[in-house]
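Notes follow once the structure below has been shown.
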2 protein chains.
Amino acid sequence: MDQQPAYNHVHEETVQRVNEIMPGEEELFDLSELFKVFGDSTRIRILYVLFESDMCVCGIAELLGMTQSAISHQLAVLKKAKLVRYRREGKTIFYSLSDDHVRTILDQGMEHITE
Amino acid sequence: MDQQPAYNHVHEETVQRVNEIMPGEEELFDLSELFKVFGDSTRIRILYVLFESDMCVCGIAELLGMTQSAISHQLAVLKKAKLVRYRREGKTIFYSLSDDHVRTILDQGMEHITE
DNA sequence: CTTTCATATGAGCAATCGTTCATATGTATT
DNA sequence: AATACATATGAACGATTGCTCATATGAAAG
């Protein structure tokens, strides 16, 4: 008896090519989680601050005119995504950017929206 | 009478440098809106499909194992962000990628998560 | 050890998001 | 015109998000 093809509208060849390049479930999850982090203007502003200088939490809060708590929550998100590092100096904790992908990703995004 | 400085923890010089490079309110909004679009694995999967081939809505739906409605809603989001184009051919509408930033942004994201 | 300053964290709330379901729009075929 | 097919869209739902508020942790100074 005939086996029905899984796809009717798409060439089987195309299906195979797509399946070859499609990232796995876990990679897709991690990738979308990463971009979610960039998907908030407060977090983007924090990253732009850190482009210029390492800074403590209350410094960032002052500069952006937001509460310490709000900034701390967002830094936790950036930290979890490994976009920022931190070091302790006495009572103060200084945050800094962890790598260059941050800048590249933001620059590419900026290019897209300004064309 | 002495004017109190606006910021206590941050050097005035740093404040100025940050204000110079910080994108304006509208740019920040657009930028975060753009990255929100990448922040969903269904939309990322659609983009990966379109890397391989232009495709109709029901084709994408079949390939990804999702409903036509769900895909159509997400394509509307991608369309609004100008990440995809479309052309009509009879009853069918074919979607395709609109520019190369999509690939660069996804590649940079992938580099970040796989290191 | 108590106080103070810097930061982190948990609960709660309004707002936003992604999907489903039902239905509307639009194009070709008869 | 009537039907069929491809796509779009609006309402509704549970889930997630970003902030606030109150409080906890942690380090230095007294």
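First the proteins, then the strands, lettered A, B, ... as listed; each starts at 1.
Closest to the side chain of A:Ile93, from the set C:dT7, C:dG18, D:dA8, is C:dT7. Of all nucleotides listed (D:dC19, D:dT7, C:dT7), C:dT7 comes nearest to the side chain of A:Ser72.
OP1 or OP2 of C:dC17 has not a single side-chain nitrogen or oxygen of B:Gln74 nearer than 4.0 Å. Applying the 4.0 Å criterion to OP1 and OP2 of C:dA6, one finds that A:Thr92 has every side-chain N and O outside that range. In this model, the phosphate group of D:dC19 is not approached by any side-chain N or O of A:Thr67 to a distance below 4.0 Å at OP1 or OP2. One finds no side-chain N or O of A:Arg88 lying less than 4.0 angstrom from the OP1 or OP2 phosphate oxygen of C:dT7. Considering only side-chain N and O atoms, A:Thr42 lies under 4.0 angstrom from the phosphate OP1 or OP2 of D:dC19. An OP1 or OP2 oxygen of D:dA6 is reached within less than 4.0 angstrom by no side-chain nitrogen or oxygen of B:Tyr95.
Taking the charged nitrogens against the carboxylate oxygens, A:Arg87 and A:Asp54 do have a contact shorter than 4.0 Å, which makes a salt bridge. Ion pairing between a basic and an acidic side chain is recognised when a charged N comes within 4.0 Å of a carboxylate O; B:Lys36 and B:Glu33 show such pairing.
The distance between atom CD1 of A:Ile46 and atom C1' of C:dT7, rounded to the nearest whole Å, is 14 Å. Across the protein-nucleic acid pair, B:Phe94 atom CZ and C:dG26 atom C1' stand 16 Å apart, rounded to whole Å. Taking atom CD1 of A:Ile71 as the reference point, atom C1' of D:dT20 lies 13 Å away to the nearest angstrom. The interatomic distance linking A:Met55 (CE) with C:dT7 (P) rounds to 12 Å, in whole Å. One can place CZ of A:Phe35 at 16 Å from P of D:dT17, the figure rounded to the nearest angstrom. Distance B:Lys79 NZ to D:dT7 P: 11 Å, rounded to the nearest Å. Atom pair B:Glu33:CD and C:dT16:C1' shows a separation of 10 Å (rounding to whole Å applied). Atom C1' of nucleotide C:dT19 and atom CZ of B:Arg43 are separated by 12 Å, given to the nearest angstrom.
Contact of A:His73 with D:dT17 (side chain to base): no donor-acceptor pair of N or O atoms is detected under 3.5 Å. A donor and an acceptor atom sit less than 3.5 Å apart, one in the side chain of B:Ser69 and one in the base of D:dT9.
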Would you be so kind as to tabulate the donor-acceptor pairs closer than 3.5 Å made by side chains of residues 67-80 of chain B, with sequence neighbours excluded?
unit_1	atom_1	unit_2	atom_2	d
B:Thr67	OG1	B:Ala70	N	3.1
B:Gln74	OE1	B:Arg43	NH1	2.8

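In terms of position on DNA chain D, the residue among A:Lys91 and A:Gly39 whose nearest nucleotide sits closer to the 5' end is A:Gly39. Residues A:Lys36 and B:Gln68 both approach DNA chain D. Their nearest nucleotides, taken by heavy-atom distance, put B:Gln68 toward the 5′ side.
A cation-pi arrangement is absent between A:Arg88 and A:Phe94, since the terminal nitrogen or guanidinium carbon is not both under 6.0 Å from the aromatic centre and inside a 45° cone about the axis.
Remark: B:Asp100 CG is loosely packed, at most 12 non-hydrogen atoms of other residues, nucleotides or ligands lying under 6.0 Å away.
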